[in-house]
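First comes the structure, then the notes that go with it.
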Amino acid sequence: MSVYKKFLGQTMVYGISTVFSRLFNFILTPIYTGVYQKGVYGIFTNMYANASLINAVLAFGMESTYFRYLNKFEDKKQQVYNNSFLCIAFISTLFLVTGLIFSSSIAGYLATKASEIADYKQYVSFFLWILFIDAICVIPFAKLRADGRPFKYSVAKFLNIGCFVGFNLVFIYLIPAIIKHNWVGVEWFTSWYRNQWIGYVFVANLIASVATLIYLLPEFMKLQLRFDSQLFRNMFSYSWPILVANLSFIVNENLDKIVLKKLLPPEIADGEVGIYGAVCKIAIFLSIFITAFRLGAEPFFFSHAKEKNARNTYATILKYFVIALSILFVAIIANIELLKFFIRKQEYWVGLPAVPYLLLGYVCLGIYMNLSIWYRLSDQTRFGLYISVAGAIITIVLNIVLIPRFSYMGSAWVSMLAYFVMMVLSYVLGQKYYPIPYNLKKILSYLIISTIIVFCSFFVFKRNIYIGNAMLIAFVAGVAYFEKNELMKMLKK
């Protein structure tokens, strides 16, 4: 039981920090949607979607490679740390310099109108520095996780989100209040402040990234500027398929928001992207749980791989992970009539029918992330590449086909389908090359029942909060009944 205790302990610490940091971030959603029109919020959504794609490239799959090679070459931990960091630092520096040189061209591509180019040039500059700083912090963050220091990791995340939220509030509320009431410093603030300018969100993000970098300086000081070329060749062969797989995953996650703007008529594009981006935020609660699980599970899975009963442990973890996912899935939809008020303006609520499909996609994604451990542990990362590319092809082709006709609803359907296909492919291939004794019967039962409840609650009972929560309670009671024997055995141990 110490194995599960260790796993749950670290995952809970990561979970608490992730939940609170994401919830603080989520607080900004009603603020943004209350202050900015949906077209302006569409700019926010589009910029962060593009940034996510670039983030995957800059990280170069080195986070997973770092964890794998720490356990594969225990006598070369410093060299693994050096190689991982220097690889990302080189790529990120090249990206930053190139981006600054061509910032005007990038702004011209992103802007919808010529009058927006000047603003977009500033947005691009902010994001170039944000992406650079966040990239070079990837491996120091990974080191904290690998060294079993989840509390320091959590403090760094709290610092980041605290700065981000705090400076957002300064730019959105405090400075306008100073100007309105003629407080101290009003002349200086009036000379440069632009009311309701979305660029201040990106400035706040940049400040948060710099603060995190400063906090992580002790981890940077542990680096040695020595490059082990032989070790790097092995790491590179493991890493580049993960890079492509991660990039394909980010395509699945964010391409819809980018393509929406390009495929829809210009007069409605930013508004539709804004609506879709806002309702996607409701799915953040499920996303938080998946992220917390990944943060705790990834280093645990690698460090536990040599244990005798490792595969049985992985199977048990997946079953209870699916149970937790299914309960959250039902709970969010049961209470969506309350959650929608986090999106303050009713003009965004028209996008709520996309939420069940987005959530089901996240359920499939969470399971896929859990299943994907087989190709990472068996050094067959090329299969991760194949699976993710298959998902990316589905995303690209079907978005192009469906968006012109169904707008963001088409994107939600495609997201769900892509993650479902990736989940199935990973399971089938995993059972062939690295079989793990998953309890497929129970896992499928919980998934199917929770999906039926969700779609009945949303579409049949029209989001009735009382009926939805009654079905949630019945579902939780059913799970407790069927799992009680195994849970009692685990608790006794």
(message) I'd like to check the ring-ring contact (aromatic ring centres under 6.0 Å, His included) partners of F341; sequence neighbours left out, ordered by chain and number.
(response) W349
(request) Check side chain to side chain donor-acceptor pair (under 3.5 Å) between S209 and all other residues, then give those that pass, not counting sequence neighbours. (result) D134
(message) If we check ring-ring contact (aromatic ring centres under 6.0 Å, His included) with F141, which of these qualifies: Y215, Y153, Y66?
(response) Y153
(request) Please list all pairs passing the side chain to side chain donor-acceptor pair (under 3.5 Å) test where one or both residues lie in residues 417-434, with sequence neighbours left out. (result) E253-Y419, W374-S426
(request) Could you tell me which residues satisfy side chain to side chain donor-acceptor pair (under 3.5 Å) with K77, sequence neighbours excluded, listed by chain and number? (result) none
(message) So, using side chain to side chain contact (heavy atoms under 4.5 Å, CB included) as the criterion, who are the partners of P266 when residues are at least two apart?
(response) T112
Show me, pair by pair, the donor-acceptor contacts under 3.5 angstrom made by side chains of residues 401-409, not counting sequence neighbours?
from: S407; atom 1: OG; to: E272; atom 2: OE1; distance (Å): 2.6
from: Y408; atom 1: OH; to: V350; atom 2: O; distance (Å): 3.4

(request) Nearest 0.5 Å please: distance from the OG atom of S372 over to the CZ atom of F383. (result) 14.0 Å
(request) Hey, can you tell me if F127 and Y48 have their rings parallel, tilted or perpendicular (30° and 60° cut-offs)? (result) perpendicular
(request) Hey, could you give me the OH/NZ distance between Y446 and K442, rounded to the nearest 0.5 Å? (result) 5.0 Å
Under 3.5 Å donor-acceptor pairs involving side-chain atoms of residues 388-397, not counting sequence neighbours:
from: S388; atom 1: OG; to: A245; atom 2: O; distance (Å): 3.3
from: S388; atom 1: OG; to: G384; atom 2: O; distance (Å): 3.0
from: T395; atom 1: OG1; to: N252; atom 2: OD1; distance (Å): 2.7
from: T395; atom 1: OG1; to: G391; atom 2: O; distance (Å): 2.9

(request) May I have all residue pairs that pass side chain to side chain donor-acceptor pair (under 3.5 Å) and include part of residues 234-243, sequence neighbours excluded? (result) T65-S239
(request) Name all residues meeting the side chain to side chain donor-acceptor pair (under 3.5 Å) criterion together with E347; count only those two or more places apart in sequence or in a different chain, and write none if there are none. (result) none
(message) Please tell me whether S64 and R376 have a donor and an acceptor in their side chains that are separated by less than 3.5 angstrom.
(response) yes
(request) Kindly state each residue pair satisfying salt bridge (Lys or Arg N to Asp or Glu O under 4.0 Å) with at least one member in residues 444-471, sequence neighbours excluded. (result) E337-R463
(request) Verify the distance criterion only: is there a donor paired with an acceptor across the side chains of N168 and Y173 at less than 3.5 Å? (result) no
(message) The criterion is side chain to side chain donor-acceptor pair (under 3.5 Å); which residues satisfy it with K319, sequence neighbours excluded?
(response) E483, E486
(message) Tell me whether the NZ or CZ atom of K143 lies within the 45° cone about the ring axis of Y81 and under 6.0 Å from its centre.
(response) yes
(message) Using the salt bridge (Lys or Arg N to Asp or Glu O under 4.0 Å) criterion, which residues pair with D270? Sequence neighbours excluded.
(response) K261
